[in-house]
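The block underneath contains the structure these notes are about, expressed in structure tokens.
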2 protein chains.
Amino acid sequence: MPKNPRDDKPLDPIDLALVRLLEQDGRMSNAMLAREVGIAESTCLVRVRSLRERGVVRGIHADIDPVAVGRPVEAMIAVRFGGHRRSHFEQFTEEVPALPGVLGAFHVSGAIDYYVHVACPSADALRDFVLDHLTNRPGVLHAETSLIFESQRGRGTMTRPEDLLGPSA
Amino acid sequence: MPKNPRDDKPLDPIDLALVRLLEQDGRMSNAMLAREVGIAESTCLVRVRSLRERGVVRGIHADIDPVAVGRPVEAMIAVRFGGHRRSHFEQFTEEVPALPGVLGAFHVSGAIDYYVHVACPSADALRDFVLDHLTNRPGVLHAETSLIFESQRGRGTMTRPEDLLGPSA
DNA sequence: AGTGAAATCGCTTTAGC
DNA sequence: GCTAAAGCGATTTCACT
């Protein structure tokens, strides 16, 4: 996907500032971003485009209240696999994140193999989701569902404090 | 926060279409949104503003690649509480989501009380995070860390298939 | 690489219907 | 809620440092 071979050159403090701003408000205009970080708008345009092309910014998405769109029942489902046939797992990781209501999907180490974060229209729909899409799937040993009482996005930043001002120079 | 008493009136198919578009591309312009859903730009502006005011759209945020910003170690941490002193728990749910690197935090039912999704600069930093911010906290009994091999955002939509076209009429 | 200014483009917003 | 139009602000290009 990345076209530029130098995809891995590290982000400078201005890039990180842009990341932080877009994390907080993904609709901030190029002009305002430029003002905030203290560079020209033209430069800012190039930098933001580059951040997207390099995959630093993977996307900009609205955060939707599940309750408002008829999915008041949120759950975290811990899935255990058996056999670990690679093809089963690959199919799983391909299909599950694309199901409606799925907010996140995590392949993890340890006693649990996979977590699915989902929002459903009802408890019945949640049960059906687990049975139809998780339990009833080759390779799945067990799925344990935890209802989510409260779900919070991270409010902090992904940028590291130690990167914010010139570390070495 | 919501100013309008009729905050709860259900979303019509056009609102849901707007939600779906902004889920996919949070930077889509008002003009393009209007075109896509087939309403006037002025109307679209009012609707989108209303979706934000009603809290249907909670925010629009850049999705950042943790690796690119120096946080290559992702983990899901399962926390168990003891005593369940309300004040401890409230402090926890207030502070943890604001810590740097925290992507999500979930208060759940069942054997586990809380899940924290975090991205850290290193395994050492992850250990420190768990010890400093989770284990070493009043009320926390246990924290079990699962490394995340692969993390995926939901690629589907939060809108419900049954809402997309007139359900009753 | 980054800048600043200019020109184009398109968006937001306000009327009136 | 729509149309139309105006005004404004944005993005983008380009010559230059």
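Letters A, B, ... are given to chains in the order of the sequence lines, protein chains preceding strands, and every chain is numbered from 1. Predicted model, so just to flag it, every value in this text is computed and none were measured.
Base-pairing analysis of DNA chain C finds the following stems of at least three consecutive Watson-Crick or G-U pairs, with both pairing distances under 3.5 Å: C:2-17 with D:1-16.
Residue B:S42 places none of its side-chain N or O atoms closer than 4.0 Å to OP1 or OP2 of D:dC2.
B:M158 and A:P66 get closest at one heavy-atom pair: CE-CB, 3.5 Å. Closest heavy-atom contact between B:I112 and B:V79: CG2-O, 3.5 Å.
The environment of CD in A:E95 is crowded: more than 12 heavy-atom neighbours from other residues, nucleotides or ligands sit within 6.0 Å. The environment of CD in B:E144 is sparse: at most 12 heavy-atom neighbours from other residues, nucleotides or ligands sit within 6.0 Å.
The residue B:R47 sits close only to the backbone: its heavy atoms come under 4.0 Å of sugar-phosphate atoms, none of a base. Among the protein residues, A:A31 comes within range of the sugar-phosphate backbone only, with heavy atoms under 4.0 Å from sugar or phosphate atoms but none that close to a base.
Using a 4.0 Å cutoff on non-hydrogen atoms, no part of residues 19-29 of chain B comes near DNA chain D.
For the pair B:N30 (side chain) and B:L45 (backbone), a donor-acceptor distance under 3.5 Å is present.
Within the 4.5 Å cutoff, the side chain of B:I64 has no heavy atoms near those of the A:T159 side chain. Under the 4.5 Å side-chain criterion, counting only non-hydrogen atoms from C-beta, A:L134 is in contact with A:F92.
Relative orientation of the B:F81 and B:F89 rings is tilted, given thresholds of 30° and 60° on the angle between their planes.
Here the side chain of B:I39 is nearest to one of D:dC2, D:dA10, D:dT11, namely D:dC2.
Here the NE2-OG1 distance, from A:H107 to A:T93, works out to 8.5 Å after rounding to the nearest 0.5 Å. The distance from atom CD of A:E150 to atom CD of A:E74, rounded to the nearest 0.5 Å, is 10.0 Å.
Of the charged side-chain nitrogens involved, none lies within less than 4.0 Å of a carboxylate oxygen, so that A:D163 and A:R20 do not count as a salt-bridged pair.
As a whole-Å value, the separation of A:E41 CD from D:dG9 P is 12 Å. In this structure, A:L45 places its CG atom 5 Å from P of D:dT12, rounding to the nearest Å.
A 4.0 Å heavy-atom criterion places the boundary nucleotides of DNA chain C facing chain A at C:dG2 to C:dG4, written 5' to 3'.
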